[in-house]
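Next up is a structure, given as structure tokens.
For ligands, and for the atoms within them, numbers begin at 1 and follow the listed sequence. Heavy atoms only: backbone and side chains are in, while hydrogens, waters and symmetry mates are out. FYI, the numbering just counts along the sequence from 1. The structure presented is a predicted model; accordingly, all values stated were derived computationally and were not measured.
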Amino acid sequence: MELLHQAIRERGTIIGDSIVKVDSFLNHEMDTALLYEIGKVFYQKFQHQPVSKIVTIEAGGIAPALMAGLAFGVPVVYAKKQKSLTMKGDVYCESVFSFTKQVYSDVTISKDRLSPDDHVLIVDDFLANGEAAAGLINIIKQADASVAGIGIVIEKSFQKGRARLEELGIEVESLARIARIGDGKIEFLQS
Ligand code: 5GP
């Protein structure tokens, strides 16, 4: 998605050798026009599927998921991150390792937010090692719902997330795929 490549190139910054900071248009300030286009492209990529719900994880996934939900005309559910849970009875829960924070947190969705009839499109802001997406897939499985696919805004293709998700037989569509980061430059794969 050329508009997104341009935003990453011109408004993104690189931290260390593997983190991309996009606080100027996605993760802190949100560029509503760009996000609206992102939602429409997710719709184009997954319109062949009878998507009934979008699921994401707080906080970075919420904005693109909301726009995808708007394009599909379906509700959006975001999984909540909590340090640890004492009462797990009324929620589906998975432990997920955060790539950026390097800690585990419990990720939960209330049982009444998903049903076996749901065909769920997972949307997230970044794909690194696939931990967040794998946790959401497990939650959707716990609800006996099905996964339509995974829509990612920015995939770091030099990390193992895509391979891990494709091994599960799930369609992954990323709007920007970063091949490598080096010397302060970002190189894209054609997506
Ligand atoms: P994964 O679970 O695939 O290892 O990492 C994806 C999650 O970690 C996303 O939900 C995102 O919040 C965060 N993340 C991973 N890499 C980056 C990055 O380079 N920049 C930002 N801003 N978030 C990232």
Heavy-atom pair of closest approach, residues L175 and H5: O-NE2, 4.0 Å
Pair H119, S52: side-chain N/O donor-acceptor within cut-off below 3.5 Å: no
Pairing residues for E29 by the side chain to side chain donor-acceptor pair (under 3.5 Å) criterion, not counting sequence neighbours: none
Within residues 18-28 or reaching into it, pairs that qualify as side chain to side chain donor-acceptor pair (under 3.5 Å) - sequence neighbours excluded: N27-D125
F42 versus I152, closest heavy-atom pair with distance: CE2-N, 3.5 Å
Qualifying ring-ring contact (aromatic ring centres under 6.0 Å, His included) pairs with a residue from residues 136-162, counting only residues at least two apart or across chains: none
Those protein residues which place at least one heavy atom below 4.0 Å from ligand 1: S18, I19, V20, N27, F99, T100, D124, D125, F126, L127, A128, N129, G130, E131, A132, K156
